[in-house]
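Atom set for the values below is all heavy atoms of this structure, side chains included, hydrogens, waters and symmetry mates excluded. All ligand and atom numbering here is 1-based and tracks the order in the structure.
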Amino acid sequence: MRLAEFILINMEPILQAWEDFARNLQPSYRLMDVVELRDHAKEILEEIAAELANPAGERKLDPQGNTPAEIHADTRALSGFTVDQLLAEFRALRASVLNLWSRREKTATWFEVEDMTRFNEAIDRALSESVARYTEAQRQSQNIFLGIIGHDLRSPLSSINLGATYLMRSEQADSKLIQLGSRMFASSLRMQEMLDNLLDFVRSRSGFGIPLQPDDVDLAVISEHIAEEFRASNPGAVIRSEVVGDVRGRWDGARIGQVYQNLLGNAIQHGANTPVSVVTSAYDGEVVLSVHNDGPPIPPAMQKDIFDPMRRGLSDPVHSSSHKNLGLGLYIVREIVAAHQGSIEVSSAEETGTTFTVRLPKLA
Ligand SMILES: Nc1ncnc2c1ncn2[C@@H]1O[C@H](COP(=O)(O)OP(=O)(O)O)[C@@H](O)[C@H]1O
Ligand SMILES: [Mg+2]
């Protein structure tokens, strides 16, 4: 008997072995309906049997175009399975088929290797479909979750902000209260910035990119404005801002302001207590902004991943512990620059300090 036929005839014992295994994987309070548990496994196996019998045949999809392995992954993601558990389930499915198959009464062996190989390939295919679907579902739910946090925290934050403003300006308040109010106000602005970053992060990670509203802007005005803001909020810092040539062009001014803000904020926050400089220069067809600070260089291993918070986590042991920010700043800067068809790079060494350089083509 060929393996395809064997699977169909022995569906019941195969499913039973698999079900026993799958039940052990999930906590008892989450035990799913046995029918549902079996249904997908049965469909996956039927599909594999059909594929073994007729490799050139058409695949059976549900009305939405999903394969049985994909439907299975959706259900698993919803019921809180981890990806390891999903993998273990497929291993169990494979094992329960091959076990029974090797214990059958053998009538011929010439096709044995061929059938097993093809079965393994078919299981692997189903497995990778399941994992791809599962990962996508996880990513989406993460994005939705982050998006909800970013969005829903705004309104309570704005009433805190309002209260802080009131305290700051109140005529009855003594100097202590005024001080308290202005500290609360500064904190609420920082929190607002974090939430904005979080939303931008989620948006760009969901594949929507950063939306731009290009307009005629003068980077001389924007860079000076941001530098002035930083001087006001960091009285000790020396910030030199310089403009060379005509740096007007068509960009999203608010977004480019965010680029200056993030780079300058980093230079002040992560640099030594020495002057920080911002230079904006016009060249043929493009404008180059560079932000420089001294201080300990960024380790070469980290420079490679510096624009990618997910990767950087691995090479940046300091970041997680002693940190006030979300670490999304440079990621968003790079996304904004990319949305303008520009580029960004970093150079950082002991002798020369750290410089971030952004090239922005003048958009038509
Ligand atoms: N100008 C700089 N000088 C030294 N290190 C920097 C500089 N800019 C960024 N870094 C390093 O890169 C990391 C990531 O920066 P960023 O994405 O802006 O996140 P955050 O500032 O929130 O930590 C920082 O934590 C810091 O370690
Ligand atoms: Mg930063």
Can you give the donor-acceptor pairs under 3.5 Å from side chains of residues 4-11 to other protein atoms, not counting sequence neighbours?
residue, atom, partner, partner atom, Å
Asn10, ND2, Phe6, O, 3.0

Answer yes or no on whether Arg94 is positioned over the face of Phe119, meaning its NZ or CZ is under 6.0 Å from the six-membered ring centre and within 45° of the axis. no
Atom indices of ligand 1 within 4.0 angstrom of Asn293 heavy atoms, with elements: 1 (N), 2 (C), 3 (N)
Enumerate the atoms of ligand 1 whose separation from the nearest heavy atom of Met302 is less than 4.0 angstrom. 11 (C), 12 (O), 13 (C), 27 (O)
Ile306 heavy atoms, cut-off 4.0 Å: which ligand 1 atoms fall inside? 11 (C), 12 (O)
Does a donor on one side chain sit under 3.5 Å from an acceptor on the other, for Gln16 and Asp20? yes
With under 30° as parallel and over 60° as perpendicular, where do the rings of Trp18 and His72 fit, or are they tilted in between? tilted
I'd like to know whether ligand 1 has Phe356 as a neighbour, heavy-atom separation below 4.0 Å. yes
Tell me the contacting part of Leu330 for ligand 1: side chain, backbone, both, or neither, using a 4.0 Å heavy-atom threshold, strictly below. both
Which of the numbered atoms in ligand 1 are under 4.0 angstrom from any heavy atom belonging to Ala267? 1 (N)
Flag Asn266 as yes if one of its N/O/S atoms falls below 2.8 Å of the Mg ion (ligand 2), otherwise no. yes
With clusters defined by side-chain heavy atoms of hydrophobic residues (ILVMFWY) lying less than 4.5 Å apart, directly or transitively, does Ile268 cluster with Val346? yes
May I ask you to check whether Gln142 and Gln138 show a side-chain donor-acceptor distance below 3.5 Å? no
